[in-house]
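First the structure, in the form of structure tokens, and then the observations on it.
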Amino acid sequence: MYKIAVIPGDGIGKEVMDATLHVLEAINVEFDYTFADAGDEYAKISGVPLPKETIDIVKNSKACLFGAAGESAADVIVKMRQELDLYVNLRPVKLYPGTKCLYDNLDFVIVRENTEGMYIGQEEYTDEGATALRVITKKASDRICKFAFEYAKKTNRSKVTAVHKANVLKKTDGLFRDTFYEVAKNYPEIETDDRYVDATAMFFITRPQMFDVIVTTNLFGDILSDEGAGLVGGLGLIPSANIGEKHGLFEPVHGSAPSHAGKGTANPSAMILSAVLMLEYLEENNEARRLENALIEVLKEGKVVTRDLEGTASTMEMANEVRKKLEN
Ligand code: NAI
Ligand code: MG
């Protein structure tokens, strides 16, 4: 039995969460859910988008499923990453059938450092303009690289690529690259290489099959993961994981999509795939594969899918179809 914090949040966040919890009932793992508030709607009633109580509920749980917040997203999700020290941002770039993609096979993962680099928020004006501070520490580089190799091992992936710009950013990215190769020594069974971020951006388009697990610093990871999302098409399909030493938070990449909210038209796939990532995090790998395969079947058949996938099904109808595959 796993204690799971559930934060539906705003807009379609609530709908895709309902749909996903409905599907998870057919999974052979016991969950003990605690529902928690966050987001715009909660802020309207209470004055705060992320109450301390919610942070405590997440801290006291094994993992957290998060739907989406609206305008308060930065105060909710960014704050949560800091409070829980969720130093890994994990984004799979994986092709699913029945979706728009430039290639017919794609399956790699981006592991982005989530706490430092270009995003520490230290900018200042100078006489000439402005500067931003980029911080790369040995500790953060070490733990993100270790995570990438452990993830590769756990998910049977054979190669880890460090992405950096050490030819120009000699000290910061030099440290990141050197740390990567130090960590790599403990994983002789895993192939390693490293590439410059600019070349990587090109290879995403021309030869993305060369990648398996990518580990990179904050800003590069942010940009590359959106490029990856573009490769496999459609926000309705893209999950993510935020992981730290003690906590894991799993959420679709999309937001509250006000234009879809309340209509039952949102695609539940990104949230369902976030639950797949949660099952992997809990090392329930058989159930993770079973859930993912059930969704793949529904996508492949293309009959009971939402409008963004050229179907006519509602969010709950599509989820129910996934559940039926699991029960068969
Ligand atoms: P969004 O991801 O909510 O929606 C952008 C567009 O993508 C939608 O109009 C819709 O056409 C499509 N879309 C997204 N998810 C979909 C789904 N499941 N099924 C079908 N189509 C889908 O991003 P947007 O419009 O930039 O932001 C809306 C609100 O969400 C804002 O208030 C923003 O702050 C918040 N947001 C929250 C995030 C979070 O909680 N992590 C992340 C991104 C945005
Ligand atoms: Mg981004």
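Ligands are counted one by one from 1 in listed order, and the atoms in each one are counted from 1 as well. On a predicted model such as this, the values are computed, not experimentally measured, just so you know.
Checked by atom type and distance alone, the side chain of R290 pairs as donor or acceptor with a backbone atom of L326 at under 3.5 Å. Formation of a donor-acceptor pair under 3.5 Å by the K246 side chain with backbone atoms of D85 is not found in this model. With hydrogens and angles ignored, the 3.5 Å screen pairs no side-chain donor or acceptor of S256 with any backbone N or O of A68.
Considering only non-hydrogen protein atoms, atom 11 (O) of ligand 1 sits nearest to H260 NE2, 3.4 Å. Ranking protein heavy atoms by distance to atom 9 (O) of ligand 1, first place goes to S259 OG, 3.6 Å. Counting only heavy atoms of the protein, atom 32 (O) of ligand 1 lies nearest to E71 OE2, 2.7 Å. At the top of the distance list for atom 3 (O) of ligand 1, counting protein heavy atoms only, stands A257 N, 2.8 Å. Looking at atom 14 (C) of ligand 1, its nearest protein heavy atom turns out to be H254 CB, 3.6 Å. If you check which protein heavy atom lies closest to atom 25 (O) of ligand 1, you get P258 CD, 4.7 Å. Summary of contacts: the protein heavy atom closest to atom 33 (C) of ligand 1 is G70 O, 3.5 Å. For atom 18 (N) of ligand 1, the closest non-hydrogen atom on the protein side is N267 O, 3.0 Å.
The shortest side-chain heavy-atom distance between V93 and I110 falls under the 4.5 Å cut-off. Side-chain atoms of L65 and L21, non-hydrogen and from C-beta on, do get closer than 4.5 Å to each other. Using a 4.5 Å cut-off on side-chain heavy atoms (C-beta onward), L299 and L237 make contact. Within the 4.5 Å cutoff, the side chain of F204 has heavy atoms near those of the L224 side chain.
Where the criterion is an N or O separation shorter than 3.5 Å, residue side chain and backbone included, E251 meets it with respect to ligand 1. In terms of polar-atom proximity, A266 is not counted as a contact of ligand 1, lacking any N or O under 3.5 Å from an N or O of the ligand. Checked by distance only, ligand 1 and L235 stay at 3.5 Å or farther apart across all their nitrogen or oxygen atoms. Backbone and side-chain nitrogen or oxygen atoms of I77 are examined, and none is located within less than 3.5 angstrom of a nitrogen or oxygen of ligand 1. Residue contacts with ligand 1: A68 is placed with no nitrogen or oxygen under 3.5 Å of a nitrogen or oxygen of the ligand (distance criterion only).
There is a protein heavy atom less than 4.0 angstrom from atom 21 (N) of ligand 1. Under the 4.0 angstrom criterion, atom 27 (O) of ligand 1 counts as lacking any protein heavy-atom contact.
For atom 35 (C) of ligand 1, the nearest non-hydrogen atom from the set A69, G13, G39, G11 comes from A69. Of the candidates A74, G255, S256, S240, S256 brings a heavy atom nearest to atom 29 (C) of ligand 1.
Residue contacts with ligand 1: V253 is included, with a non-hydrogen atom under 4.0 Å away. Within the structure, the closest approach of V16 to ligand 1 does not fall below 4.0 Å when heavy atoms are considered.
Within ligand 1, counting atoms from 1 as listed, the ones closer than 4.0 Å to a heavy atom of G236 are 17 (C), 18 (N). Of all the atoms in ligand 1, the ones that sit under 4.0 Å from a non-hydrogen atom of F66 are 40 (O).
A cation-pi arrangement is absent between R157 and Y187 under the rule of less than 6.0 angstrom and at most 45 degrees off the ring axis.
For an aromatic pair to be called close, the ring centres must be under 6.0 Å apart, and F180 with F149 satisfies this.
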Q: Could you give me the CA-CA distance, side-chain angles and deciding distance for R177 and L169, then say whether side chain to side chain contact (heavy atoms under 4.5 Å, CB included) is met?
A: CA-CA 11 Å; R177 185 194 49 199; L169 302 166; over 6 Å; no
Q.
Test side chain to side chain donor-acceptor pair (under 3.5 Å) on D142 and T179; report intermediate values, then the result.
A. CA-CA 6 Å; D142 189 67; T179 306; over 6 Å; no
Q: For the pair D173 and R134, evaluate salt bridge (Lys or Arg N to Asp or Glu O under 4.0 Å) and give the outcome as yes or no after the intermediate values.
A: CA-CA 10 Å; D173 270 6; R134 181 174 194 263; 3.0 Å; yes
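The residue from V298, I296, N293, T20 that alone fulfils the side chain to side chain contact (heavy atoms under 4.5 Å, CB included) condition with V322 is V298.
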